[in-house]
Amino acid sequence: MFMTSWIKEGAIVLAYNGVEHYEFKAIEQKWQSIWERENAYKVQNRSEKPNYYVLEMFPYPSGALHMGHIRNYAIGDVVARLKTMNGYNVLHPMGWDAFGLPAENAAIQRGIHPVEWTRQNVTNMREQQKRLGLSYDWERELTTCSPDYYKWTQWMFLLMYNRGLAYKKTAPVNWCPTCQTVLANEQVSEGGCWRCGTPAIEKDLEQWFFRTTGYVDRLLQDLELLEGWPERVRSMQEHWIGKSEGTEVTFALPGQEKGITVFTTRSDTLYGVSFMVLAAEHPLVAELAKISPRKEEILDFAQKCHRESEIDRTAAETEKEGMFLDAYCINPLNGGRIPIWVANYVLMEYGTGAVMGVPAHDQRDFEFARKYDLDIRVVISPPDQELSAEGMTEAYVKPGVLVNSGPFNGLSNIEGQKKIDAFLKEQGHGVPSVTYRLKDWLVSRQRYWGAPIPIVYCPHCGIMPVPETELPVLLPEHIAFDPGLLSPLAHVPEFVNTICPQCGRAAKRETDTMDTFICSSWYYLRYCDPNNKHMPFSKDAAAAWMPVDQYIGGVEHAVMHLLYSRFFTKVLHDAGWVKVVEPFTNLLTQGMVIKDGHKMSKSIGNVVDPEEIISRYGADTARLFILFASPPDKDLEWSDQGVEGSWRFLNRVWRLIQSQRHLFSTDGGIQGKLGRAERELYRKLHGTIKKVTEDIEARFSLNTAIAAIMELINETYHYLDNVPSEKHHEALLKETMEKTLLLLAPFAPHITAELWEQIGNTDSIHKQRWPQWDESALKAEQLTIVVQVNGKVRDRLVVLADSAEEEVQELALQAPKIQPLLVDKKVARIINVPGRLVNIVVSD
RNA sequence: GCCGGAGUGGCGGAAAUGGCAGACGCAAGGGACUUAAAAUCCCUCGGGUGGUUAACGCCCGUACCGGUUCGAUUCCGGUCUCCGGCACCA
């Protein structure tokens, strides 16, 4: 409880259980209301300053901020405030990714309408953000579930549709046969429905897709442009796209016109094919089953494979299972008869849905062949040994020389592959081909809480896009949340029944809504022009701000969200809406917040509520600690005790300024020659300015930037303690403390604003210029040189900074601690790293 | 399984480009101030070992094994463990 407050040395000091500390509550409230009143972070699209766009990934309004949010926003706010101080016109917006499953779950479980649930959460979380003192332009706030926004999300869908990038096809969904409803992956636990436990099955539905594969080459190639992205994210995207170059080879089916086409990157192993495997979904499986005596058995097996998830099917530890289809195809190279199987480890989505089995040279094929006792034919021989099919314990996948390969014997497998490809092409059995792992983006959701897909089905005119003038297609408010059967929207007749925009006769609306990833694939553009009633954004506004200079968010978005946003930007570029081809120039992927070795989560019960920290220590302490505890891109181990350290530091800063407030009534800069102690403090100050600036701007090393400011504060205290007060260099102290506050301002905006005002400034600290360092002050007068013998540190020498190399070397050889180590030894060589070390290499 | 990360004191972490391992902070121990406590300030703080309980010295130590180098937390090869993503959570 708060007990007393009194005036001490001119400042308000509060006692908390009798403990003195600066009064963060009053200070933070004071500045937050000033910033709100003055609209301090409002930004215009045009300014005489250069524009800079910093963006944190907008949150899903789940109810309350968690530590990961605080971390994300604290990092972004440091960037925004620093760039402002560096003279930029900074766009720093915030909004809400407000459509999605949890709101619908809340409706189902607690009977609260998604609109209401979302609205409450947004209100609460916005208040929390305001209590953190974040420098957002709140006039640009956007919410994806508001019709003003999703109108334009629907517009984006139409853009895709009109450009031939949105299309329909059937795709499987998870389905609960009891609830008669589609299940999200998240709603399937241990293979069963989350509500009733009934095993989920796969069911085919007509669904909308975006043709991301149409942009696959540009999505891959332009990764090279993203020099400001972490290498690991670029690499993850590259692998996600998964380009692989190979050959399409056709195996003839006796008695049939069509053959079986496979995609392979290993056409060099074609003589080693001993079986053919089809995915369960491959159309030939059903066809061949028809003429097989075991028709039922085969179809049952295919159905069973179909139900297994893709991850399970491709996992190496999953038992490979297959069934012979009682049919054969022909190897185009040697006319060999190849048995055709169906198996669980082949996917219809990748390549052609058919795989040639080369057990000797592919591990999965090898395991399959061993299990079903199929032939293993060695066609590539390692350079140093003989392979025999019987003796093999695993597939041989490395390079070698072709054997048992007819006319191609003796060639290296690389050379052989070229020859075989040429031969296949000549004979009409194969063509070079490129395959990608990337699939088209399934964007339909059979749910209520999303942007309705603006499409009408007319019995006469077919699929009709809703005209732009009729947007938005509004979500109906009144709806039952436990409807079963496909999308909840299908149960609202006044929504479904409409008229055809072309012929005016009765028609039905599409009842699927859009994947929320669509909403978040273009929001960064809307911030440029958030209140535009006529367009998603004006081209001018986008040109003024795009690309986002610095994007910050969780590494869990490294692939999907970022890839989809890149896709949207490219489509909008092609449509003439934006000039840029990539949306985000620099990307920081922040690490997770961990407690007791696990990601903070409600289910584990290791959540620390930021609210608690803010009410006990204030926003400045919370922000400072979360930035200090770990580098931004690494995981952060939360420590309640660690927070105390940041709290104590801010109090130390507070007391330092309070104790020296008398200095600030005098004028005058640093003049004349400085004494030794003064020169050291001056050097520390300017070294710190340099380090903090470079740590933030070049390395995003916010934790070491804060550590450097702590050192500077410690050094200032040492100066005050060690130099008698009558000899204090007042102008130097004044400059040191002013610049310290400036350095700290982006991290702890409230306390620095307050102290800045207290020392007599009328203009906000956040509008000041970032301090510059004096390069000439950085050179140390003395250096410590490490002396090593055979790489082991044996002594240290303090020398003048401008000592000659030979001089230092001589001093090292003569040093009393070094001499005894050289007795009876030969000095073989001396390594000299100027200003750092001398390593004397000796031998007997 | 595939793809991507990470492993340094009791703890979080620090050491652009290979060159003093452990900055800064937390915890712990000791001391000063206080009737006492809190707060604050000062000192110690990787492990082992020698030394007069000293000054000071020696050996080991950055997940594990090996390599390159005068010198490796940093580079290379291999192993183990933990974490993130895997397309309907966002």
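Order of the sequence lines sets the chain letters (A, B, ...), proteins ahead of strands, with each chain counted from 1.
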Phosphate-side-chain proximity, A:Thr704 and B:rA14, N/O vs OP1/OP2 below 4.0 Å:
no
A:His239 side-chain N/O to B:rG4 phosphate OP1/OP2 under 4.0 Å
yes
Would the distance check show the side chain of A:Trp647 and the main-chain N or O of A:Ala622 forming a donor-acceptor pair, the cut-off being under 3.5 Å?
no
Which is true for A:Phe517 with a 4.0 Å heavy-atom rule: it touches a base, it touches only sugar-phosphate, or it touches nothing?
base
RNA chain B-proximal residues of residues 714-721 of chain A, any heavy atom under 4.0 Å
A:Asn714
Once you apply the 3.5 Å cut-off to both distances, tell me the Watson-Crick or G-U wobble partner of B:rC56, or none.
B:rG50
Is the backbone N or O of A:Phe517 less than 3.5 Å from a side-chain atom of A:Ser521, with the two atoms forming a donor-acceptor pair by type?
yes
Rounding to a whole Å, what distance do you find between A:Lys817:NZ and B:rC20:C1'?
13 Å
Would you say A:Arg437 reaches B:rC86's phosphate, i.e. side-chain N/O to OP1/OP2 under 4.0 Å?
no
When you measure from the side-chain N and O atoms of A:Arg655 to the phosphate of B:rC41, is any distance below 4.0 Å, counting only OP1 and OP2?
yes
Taking only side-chain N and O atoms of A:Arg648, does any of them lie within less than 4.0 angstrom of OP1 or OP2 on B:rA27?
yes
Paired with B:rC11: which nucleotide, if any, by Watson-Crick or G-U wobble criteria at under 3.5 Å for both distances?
B:rG25
Charged N to carboxylate O below 4.0 Å: is that the case for A:Arg437 and A:Glu238?
no
Quick check on B:rA14: is either OP1 or OP2 less than 4.0 Å from any side-chain nitrogen or oxygen of A:Asn703?
yes
